[in-house]
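These notes concern the structure reproduced below.
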Amino acid sequence: MSLEDIDTPLNKEDETAQTKNGFLALVSKLVFDEKLPVRFMYKTVPAHLNDTGWRMFTGYETPEFLEDEVTNLLPVELEKMTNLDPSLTPLIDYNAGTVWERTPEAEGWERVYDFKIPADQVEVEITNDVDSFTH
């Protein structure tokens with residue numbers, strides 16, 4: 001995928017099963033518990049068919065808060081998020097790999113190019129020894 005592909009929103013011809021079936025985003029609990037706006041978001045490769053890949057944060061999350069994803073990141077319908085904040089609407093059509101932020105003093109959203117999107121850590125043991133495989 002080229003930078004040009006990432007820099008333009010998806011159109012209907014570019015949609016794949018990976019992007020068109022999802023309707024959920026993972027959203028920080030602080031958006032709802034503390035009534036804070038989304039100020040940072042990125043799109044990763046969706047984790048499952050209902051996932052859009054969008055991850056939305058307030059900017060006030062600590063590393064400890066983010067470590068407990070199960071408790072602190074809520075699956076929320078993307079439509080609900082765009083109803084709460086219509087400024088998200090034009091951004092949700094972008095491809096995986098895009099990152100956006102808006103600072104309190106900024107007029108609107110700005111594209112971020114220097115953030116490394118976290119990837120799930122999967123432990124894999126590689127071996128050529130057939131005897132080490134068990135069922």
Side-chain angles (χ1 to χ4, degrees):
M1 179 179 294
S2 72
L3 190 57
E4 184 178 307
D5 293 336
I6 291 173
D7 281 342
T8 56
L10 288 175
N11 59 45
K12 293 298 176 194
E13 292 80 41
D14 293 334
E15 280 189 327
T16 64
Q18 186 180 67
T19 56
K20 71 180 177 184
N21 294 327
F23 62 95
L24 295 173
L26 283 180
V27 182
S28 169
K29 280 179 67 172
L30 296 180
V31 171
F32 301 101
D33 291 354
E34 303 295 327
K35 308 283 190 266
L36 295 170
V38 173
R39 293 204 180 273
F40 184 80
M41 59 190 257
Y42 61 83
K43 186 171 187 177
T44 186
V45 176
H48 52 78
L49 287 177
N50 294 331
D51 183 20
T52 60
W54 282 110
R55 307 297 182 254
M56 300 180 179
F57 307 94
T58 66
Y60 293 102
E61 294 81 5
T62 63
E64 295 78 25
F65 181 92
L66 293 172
E67 281 179 23
D68 190 1
E69 286 185 19
V70 174
T71 303
N72 295 323
L73 296 181
L74 306 171
V76 179
E77 289 186 24
L78 208 50
E79 184 178 4
K80 178 177 182 173
M81 294 306 299
T82 57
N83 287 339
L84 288 172
D85 183 349
S87 76
L88 299 174
T89 303
L91 306 180
I92 62 170
D93 289 330
Y94 279 81
N95 294 317
T98 56
V99 182
W100 297 91
E101 74 176 344
R102 62 178 168 181
T103 58
E105 65 275 353
E107 293 280 327
W109 289 94
E110 292 182 25
R111 193 69 188 274
V112 176
Y113 294 95
D114 60 352
F115 178 77
K116 184 172 170 37
I117 295 174
D120 291 335
Q121 295 293 333
V122 179
E123 291 187 31
V124 177
E125 186 177 324
I126 299 173
T127 181
N128 290 328
D129 181 9
V130 209
D131 295 329
S132 69
F133 289 102
T134 58
H135 297 300

Original post:
With no hydrogens and no angle check, is any side-chain donor or acceptor of K35 less than 3.5 Å from a backbone partner on F32?
Top reply: yes
Subject >> Nearest heavy-atom neighbours spanning M41 and L88 >> reply: SD-CD2, 3.4 Å
**OP:** Output yes when a side-chain donor or acceptor of E64 lies under 3.5 Å from a complementary backbone atom of T62, and no otherwise.
**Re:** no
**OP:** Mind running side chain to side chain contact (heavy atoms under 4.5 Å, CB included) on V99 and F40 for me, showing each step along the way?
**Re:** CA-CA 8 Å; V99 182; F40 184 80; 3.6 Å; yes
Original post:
Going by atom types alone, do R55 and S28 pair a side-chain donor with an acceptor below 3.5 Å?
Top reply: no
Subject >> Contact summary for A25 and M56, nearest pair of heavy atoms >> reply: CB-CE, 4.3 Å
Subject >> Shared hydrophobic cluster for L24 and L30 (ILVMFWY, side-chain gaps under 4.5 Å) >> reply: no
Original post:
Tell me, do F23 and L78 make a side-chain contact under 4.5 Å, heavy atoms counted?
Top reply: no
**OP:** Working to the nearest 0.5 Å, report the span between CH2 of W100 and CZ of R111.
**Re:** 5.0 Å
Original post:
Does D85 come within less than 4.0 Å of R102, counting only side-chain N to carboxylate O?
Top reply: yes
**OP:** Specify the closest pair of heavy atoms between T52 and P46, including all atoms of both residues, with the distance to one decimal.
**Re:** O-CG, 3.7 Å
**OP:** Decide whether L66 and I117 are clustered together by the hydrophobic rule: side chain heavy atoms of Ile, Leu, Val, Met, Phe, Trp, Tyr closer than 4.5 Å, transitively.
**Re:** yes
Original post:
Between S87 and P90, which heavy-atom pair has the shortest distance, and what is it?
Top reply: O-CD, 3.5 Å
Subject >> L36 backbone acceptor or donor facing T58 side chain under 3.5 Å >> reply: no
Original post:
For atom CZ of F115, is the number of surrounding heavy atoms from other residues, nucleotides or ligands below 6.0 Å larger than 12?
Top reply: yes
Original post:
In terms of hydrophobic clusters joined by side-chain contacts under 4.5 Å, are W109 and F57 together?
Top reply: no
**OP:** State yes or no: do V27 and L73 share one hydrophobic cluster built from I, L, V, M, F, W and Y residues joined by side-chain heavy-atom distances below 4.5 Å, directly or via other members?
**Re:** no
**OP:** State, to 0.1 Å, how close M81 and V76 come at their nearest heavy-atom pair, and which atoms those are.
**Re:** SD-CG1, 3.7 Å
Subject >> Residues I92, T82; criterion side chain to side chain contact (heavy atoms under 4.5 Å, CB included); working and verdict >> reply: CA-CA 9 Å; I92 62 170; T82 57; 3.9 Å; yes
Original post:
Does any N or O in the side chain of T71 come within less than 3.5 Å of the main-chain N or O of D68, such that one atom is a donor and the other an acceptor?
Top reply: no
**OP:** Mark yes or no for whether D51, through its side chain, and G22, through its backbone, hold a donor-acceptor pair below 3.5 Å.
**Re:** no
Original post:
What's the verdict on side chain to side chain contact (heavy atoms under 4.5 Å, CB included) for Y94 and Y42, showing C-alpha distance, side-chain angles and the deciding distance?
Top reply: CA-CA 10 Å; Y94 279 81; Y42 61 83; over 6 Å; no
Subject >> CA sep, side-chain torsions, deciding dist, call: L26, W54, side chain to side chain contact (heavy atoms under 4.5 Å, CB included) >> reply: CA-CA 6 Å; L26 283 180; W54 282 110; over 6 Å; no
Subject >> From CG (N72) to CD (E61), nearest 0.5 Å >> reply: 9.0 Å
